[in-house]
Protein chains: 2
Amino acid sequence: MVNYMKSDPLSTAFAALADPTRRAMLTRLCEGEATVNEIAAPFDLSLPAISKHLKVLEGAGLISRGRSAQFRPCRLEPGPLKDVADWVERYRRFWDESLDRLDNYLKEIQYKERSDDA
Amino acid sequence: MVNYMKSDPLSTAFAALADPTRRAMLTRLCEGEATVNEIAAPFDLSLPAISKHLKVLEGAGLISRGRSAQFRPCRLEPGPLKDVADWVERYRRFWDESLDRLDNYLKEIQYKERSDDA
DNA sequence: TAGCTAATTAACTTAATGGTGAACTATATG
DNA sequence: CATATAGTTCACCATTAAGTTAATTAGCTA
């Protein structure tokens, strides 16, 4: 009987990434630091909603926030993204394999079609 | 004003992966097909709970299920894992960069320490 | 000080998630 | 047919998540 802790960092990162708004925010932060209002601009959401999303991202360690005057510039923190990449990377052989199978299948089809032509 | 759809496949995949029980199930399925009870064995959870987790994984396209007699063997479906890997891969340069910065920082520290010694 | 801008917090609603036990479906077998 | 095994569905409960509006904090500027 395994007892999994309910909020390990990897789970928190996956959960934070499970929202398209938050993923879009990270994409925006690829271009560099941004204030909350700059991040909010493209979305049809209230500022408190944006604030909550940013808190989720910060809680997952995916962003960090500074202070300058009344602004809280956000910056991308890639650590958890690397953890996600490392986790998912262990499955690479499976999708490579299934692409191989698809490839073989397509070759087989082509072969049969060629036979049909003949 | 961007209008993001609330349950695109990538979000569904990330959400499914945000639970350590479900990630453990996928890890188990790396070894090959398994029945529901085989999958359930390591967990201290009721069978309905297991069934729900499997439904979430199936809904995300991360597993598929067959039938043989009264068993529903589950198998890993790596497609969405590849999509996750592809998404996160776009951030690789960021963690590479920060590791570089860490590397430089550590080298700098070592340099200073050496100077202190001298 | 008053007022503007940036952002967060509070209080609330609604919906989704994760769990349970009990009942049910489906298949195999004595 | 009766019973055991495999698994799902139902009805329910507690917690969390995502959004809102209104109020609040913090810092700049006239």
Side-chain angles (χ1 to χ4, degrees), chain A residues 1-26 28-29 33-60 62-75, chain B residues 1-26 28-29 33-60 62-75:
Chain A
M1 304 310 171
V2 184
N3 192 349
Y4 285 95
M5 67 177 104
K6 189 74 226 118
S7 255
D8 59 300
L10 193 54
S11 297
T12 306
F14 274 121
L17 296 174
D19 186 295
T21 299
R22 289 194 291 259
R23 289 200 306 280
M25 288 170 162
L26 292 181
R28 163 64 184 80
L29 290 176
E33 286 195 5
T35 67
V36 175
N37 275 288
E38 286 168 350
I39 292 168
F43 303 103
D44 189 14
L45 279 179
S46 67
L47 222 26
I50 299 292
S51 213
K52 281 190 186 181
H53 279 305
L54 291 173
K55 197 179 283 188
V56 172
L57 290 171
E58 189 178 24
L62 286 160
I63 65 170
S64 64
R65 298 151 117 177
R67 283 195 100 114
S68 77
Q70 68 270 59
F71 304 90
R72 317 281 151 87
C74 301
R75 89 162 53 75
Chain B
M1 305 310 170
V2 185
N3 192 347
Y4 285 94
M5 67 176 102
K6 190 76 227 116
S7 255
D8 58 301
L10 192 54
S11 296
T12 306
F14 273 120
L17 296 174
D19 186 294
T21 300
R22 288 193 291 258
R23 289 199 306 280
M25 287 170 162
L26 292 181
R28 164 65 184 82
L29 291 176
E33 286 196 4
T35 67
V36 174
N37 274 288
E38 286 168 350
I39 293 168
F43 302 102
D44 190 14
L45 279 179
S46 67
L47 223 26
I50 300 290
S51 213
K52 281 190 186 181
H53 280 305
L54 291 174
K55 197 179 284 187
V56 172
L57 290 171
E58 190 177 24
L62 286 159
I63 65 169
S64 64
R65 300 152 112 170
R67 284 196 100 115
S68 78
Q70 69 270 59
F71 305 90
R72 316 281 153 85
C74 300
R75 89 163 51 77

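The basis for the numbers below is simple: all heavy atoms, side chains too, and nothing from hydrogens, waters or symmetry mates. Letters A, B, ... are given to chains in the order of the sequence lines, protein chains preceding strands, and every chain is numbered from 1.
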Bend angle of the helix from C/dT1-D/dA30 to C/dG30-D/dC1, end axes from five pairs each (to 10°) =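 End-to-end axis angle for the helix from C/dT1-D/dA30 to C/dG30-D/dC1: 0°, rounded to 10°.
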key: Atom pair OG/CG of A/S64 and A/L57 - distance to nearest 0.5 Å   =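 It comes to 11.5 Å.
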inquiry  = Nearest 0.5 Å, please: how far is NZ in B/K52 from CG in B/L47?
reply    = 13.0 Å
Is the closest side-chain heavy-atom distance between [X] and [Y] below 4.5 Å?
X	Y	answer
A/M25	A/I63	no
A/L10	B/L17	no
B/I50	B/L54	yes

query = Do you know which two heavy atoms are closest between A/L62 and A/A16, and how far apart they sit?
reply =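 Heavy atoms only, the tightest pair is CD1-CB, 3.8 Å.
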query = Looking only at heavy atoms, what is the nearest atom pair of A/D8 and B/P20, with distance?
reply = OD1-CG, 3.9 Å
Between [X] and [N], does any side-chain N or O lie under 4.0 Å from OP1 or OP2?
X	N	answer
B/S46	C/dG19	no
B/N37	D/dT5	no
A/H53	D/dG19	yes

request  = Among D/dG27, C/dA7, D/dA6, find the nucleotide with the atom closest to the side chain of B/F71.
outcome  = D/dA6
Nearest-Å distance for atom pair [atom1]/[atom2], residues [X] and [N]:
X	N	atom1	atom2	result
B/L17	C/dT17	CG	P	14 Å
A/R67	D/dT25	CZ	P	14 Å
A/E33	C/dA7	CD	P	12 Å
B/L45	C/dG18	CG	P	11 Å
B/F14	D/dA17	CZ	P	17 Å
A/F43	D/dT20	CZ	P	13 Å
B/M25	D/dG7	CE	C1'	13 Å

request  = Under the salt bridge (charged side-chain N to carboxylate O under 4.0 Å, His left out) rule, collect the residues that match up with A/R72, sequence neighbours excluded.
outcome  =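 Partners of A/R72 under the salt bridge (charged side-chain N to carboxylate O under 4.0 Å, His left out) test: none.
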message = Checking A/R22 now: which residues fulfil salt bridge (charged side-chain N to carboxylate O under 4.0 Å, His left out) with it, not counting sequence neighbours?
response = none
Pull out every protein N or O sitting under 3.5 Å from an N or O of nucleotides 8-11 of chain D, one pair per line with the distance.
unit_1: D/dT8; atom_1: OP1; unit_2: B/R65; atom_2: NH2; d: 2.6
unit_1: D/dT8; atom_1: OP2; unit_2: B/S51; atom_2: OG; d: 2.4
unit_1: D/dT8; atom_1: O5'; unit_2: B/S51; atom_2: OG; d: 3.3
unit_1: D/dT9; atom_1: OP2; unit_2: B/K55; atom_2: NZ; d: 2.8

Tabulate atom names and distances for all N/O pairs under 3.5 angstrom spanning the protein and nucleotides 28-30 of chain C.
none

From CA spacing to verdict: side chain to side chain contact (heavy atoms under 4.5 Å, CB included), A/C74, A/L29 = CA-CA 8 Å; A/C74 301; A/L29 290 176; 4.2 Å; yes
Please tabulate, for side-chain N and O atoms in residues 33-43 of chain A, each donor-acceptor pair with protein atoms closer than 3.5 Å (sequence neighbours left out).
unit_1: A/E33; atom_1: OE2; unit_2: A/R75; atom_2: NE; d: 3.3
unit_1: A/E33; atom_1: OE2; unit_2: A/R75; atom_2: NH2; d: 2.6
unit_1: A/T35; atom_1: OG1; unit_2: A/E38; atom_2: N; d: 3.2
unit_1: A/E38; atom_1: OE1; unit_2: A/T35; atom_2: N; d: 2.9

